[in-house]
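To start, the structure under review is shown below, and the notes come after it.
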2 protein chains.
Amino acid sequence: MELTERQKEIFGYIEKTVREKGYPPTIREIGKRFSCSSTGSVRDHLKALANKRCIECIPGVSRGIRLLRKSMYPSIPVAGRIIAGEPELAMENIEGEIRVDEKLAGDGKTFALKVKGDSMAGAGIREGDYVVVRPQESCREGEIVIALIEDEATVKRFMRRGKGVFLEPANPAYKPIPVDGRVKIIGRVTGLIRYYR
Amino acid sequence: MELTERQKEIFGYIEKTVREKGYPPTIREIGKRFSCSSTGSVRDHLKALANKRCIECIPGVSRGIRLLRKSMYPSIPVAGRIIAGEPELAMENIEGEIRVDEKLAGDGKTFALKVKGDSMAGAGIREGDYVVVRPQESCREGEIVIALIEDEATVKRFMRRGKGVFLEPANPAYKPIPVDGRVKIIGRVTGLIRYYR
DNA sequence: GACTATACCGCACATTTGTGCGGCTGTCAA
DNA sequence: TTGACAGCCGCACAAATGTGCGGTATAGTC
């Protein structure tokens, strides 16, 4: 069964609290957050969420809310679309979530991007892999970066060649791209995750 | 500062409770578990753990214990050494932990292995990567597997060629290895994690 | 000896927190 | 109209829970 808007909000709050504080909220804390002056209202919601198998309420136990769906683990959003000039990933452009090690999770701005094409095959980055991206505008020689070229996000290696700066694919079938006004560096690739079926 | 035996036990219990129940224990629950009839005793321990930066105690909040060290996140062990004939990874052979998405975490037997050598470079698996391994004895054509060859764990692709079965590297510099008595399949590679510095 | 840390016990108290029960207003489908 | 939901209010009560303050004992260190 689907969750109502309100229920989604409350479930999200419980999730967030567990993730950030390490323990679930009390009934009254939820009420405070959503301006419910009555504990009864909150309990109605918890009951609904429990019926829909989202949480489990443990009777007689303070903060006795257990998350059954989703999780309380650190995750980064998977970007569906990247828009130039927007430092933050807009909610609408998030396709999903991937849980990662905290070494990869970064500071909250880090996101993942599904790799399209085989232009980096020579560097062991393949179509369908997820690259973990830490947003930053500058980068160093040799680093693998995400750049926006005419509204298209691509993975390339950042290199200097003589006087120019280039984004180099790791595949002889593609040509280096000179970095100029049309190219915007989005961030640096800090990790890679691949799923085998 | 090092933890005493008792403190380790209590810290472990808090960790376990958070992981299994989804919320930290109360002072009295800890006392019950360790046969401390006084809440004061438990608070002494919590205070000690807080001093040693293992937990944080939030005043006035029920179950207000926050884990600062280690984690409550799903992680898989990183195998340092794999021994033939032992289905479970012995504690002594665990080098560390990596947190992963639950899709990768599997059922509890899954582990990670750091890749040595470049024999699978053609398949985008590079030296230093971590492959996620689900232990199993059989595997299908084309799957990437971990095999033990003369006590050495290697990553290869499982292939049939004519009448024989081979473990094929993805690098022309290496030769396929015929599967015979000397070769033991440890498991299947279900994922890959890479860290860029 | 004085001091500190660890590891316990015990009790009273105030606060936090879940619970029970009653009530209200809408909307929507049968 | 009736019924089932969603969403909300209010109150009193009992249980769960953190807190303050006191005590004992052992071990190690300066």
Side-chain angles (χ1 to χ4, degrees), chain A residues 1-69 72, chain B residues 1-69 72:
Chain A
M1 216 187 326
E2 257 325 295
L3 296 188
T4 67
E5 270 313 304
R6 198 71 168 147
Q7 286 164 5
K8 275 185 204 167
E9 280 175 24
I10 293 175
F11 183 72
Y13 173 67
I14 298 172
E15 243 193 321
K16 185 166 163 263
T17 306
V18 171
R19 192 173 49 235
E20 293 180 359
K21 304 203 172 192
Y23 44 81
T26 63
I27 289 178
R28 284 175 178 84
E29 280 167 3
I30 298 173
K32 203 174 199 176
R33 166 66 183 74
F34 292 97
S35 307
C36 288
S37 60
S38 169
T39 58
S41 315
V42 178
R43 279 181 297 156
D44 285 347
H45 286 120
L46 294 184
K47 211 179 288 175
L49 285 170
N51 281 334
K52 294 178 180 179
R53 310 273 159 195
C54 290
I55 61 170
E56 190 187 342
C57 294
I58 292 89
V61 170
S62 69
R63 302 176 190 275
I65 300 174
R66 229 161 157 174
L67 294 170
L68 298 182
R69 287 201 194 161
M72 49 201 151
Chain B
M1 217 189 324
E2 258 323 297
L3 297 187
T4 67
E5 270 314 303
R6 198 68 168 151
Q7 287 164 2
K8 275 186 203 164
E9 280 174 25
I10 291 175
F11 183 71
Y13 172 67
I14 298 171
E15 242 193 323
K16 185 165 163 259
T17 306
V18 170
R19 192 172 49 235
E20 293 179 359
K21 305 204 172 189
Y23 44 81
T26 63
I27 290 176
R28 283 174 180 83
E29 280 167 3
I30 298 172
K32 202 173 199 177
R33 166 65 182 75
F34 292 97
S35 306
C36 290
S37 61
S38 168
T39 58
S41 315
V42 178
R43 278 181 299 154
D44 285 346
H45 286 119
L46 294 185
K47 210 178 290 176
L49 285 170
N51 280 334
K52 293 179 181 179
R53 310 275 159 194
C54 290
I55 61 171
E56 190 187 341
C57 294
I58 292 91
V61 169
S62 68
R63 302 179 189 275
I65 301 174
R66 229 162 159 175
L67 294 170
L68 298 182
R69 287 205 194 159
M72 48 204 151

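Per chain, numbering begins at 1; letters A, B, ... match sequence-line order. Keep in mind that this is a model prediction, so the values were computed, not measured.
Between B:R63 and D:dT17 there is a side-chain N or O to OP1 or OP2 distance below 4.0 Å. For A:R6 and D:dC8, the shortest distance from a side-chain N or O to OP1 or OP2 is below 4.0 Å. Distances shorter than 4.0 Å separate none of the side-chain N or O atoms of B:T39 from OP1 or OP2 on C:dG10. Between C:dG20 and A:K47, no contact under 4.0 Å exists linking OP1 or OP2 to a side-chain N or O.
No hydrogens or angles were tested; on distance alone, nothing pairs the side chain of B:S62 with the base of D:dG18 as donor and acceptor under 3.5 Å. Within 3.5 Å, no donor on the side chain of A:R43 pairs with an acceptor on the base of D:dG7, nor the reverse.
Residue B:P59 has its side chain nearest to D:dT19 when only D:dT19, C:dT17, D:dA6 are considered. Which of D:dT17, C:dT19, D:dG10 sits closest to the side chain of A:R28 comes down to C:dT19. Considering only side-chain atoms of A:S41, the nucleotide from C:dA7, D:dC8, D:dT19 that sits closest is D:dC8.
Between A:E9 and A:R6 there is a salt bridge, since at least one side-chain N of the basic residue sits less than 4.0 Å from a carboxylate O of the acidic one.
What separates CG of A:L46 from C1' of C:dT17 is a distance of 13 Å, to the nearest Å. C:dT6 atom C1' lies 9 Å from atom NZ of B:K52, rounded to whole Å. Going from atom CZ of A:F34 over to atom P of D:dC9 covers 13 Å, rounded to whole Å. The distance between atom CD1 of B:I30 and atom C1' of D:dA16, rounded to the nearest whole Å, is 15 Å. Taking atom CD1 on A:I27 and atom C1' on D:dA12, their separation rounds to 15 Å, with Å as the unit. Distance A:E9 CD to D:dC8 P: 9 Å, rounded to the nearest Å. The distance between atom CD1 of B:I58 and atom C1' of D:dT17, rounded to the nearest whole Å, is 15 Å. The nearest whole Å value for the distance from the CD1 atom in B:I65 to the P atom in D:dT17 is 12 Å.
At distances below 3.5 Å, at least one donor-acceptor pair connects side-chain atoms of A:R66 with backbone N or O atoms of B:E20. Put simply, the side chain of B:R63 never gets that close to the backbone of B:Y23: no donor and acceptor are under 3.5 Å apart.
Results of the side chain to side chain contact (heavy atoms under 4.5 Å, CB included) test with B:P24 over B:I65, B:I55, B:L67 single out B:I65 as the only residue that passes.
The residue among B:D44 and A:G40 whose nearest nucleotide of DNA chain D lies closer to the 5′ end is A:G40. Projected onto DNA chain C by closest heavy-atom contact, A:V61 and B:S37 fall at different nucleotides, the more 5' of which corresponds to B:S37.
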Let me see the working for B:L49 and B:K52 under side chain to side chain contact (heavy atoms under 4.5 Å, CB included), right down to the final yes or no.
CA-CA 5 Å; B:L49 285 170; B:K52 293 179 181 179; 5.8 Å; no

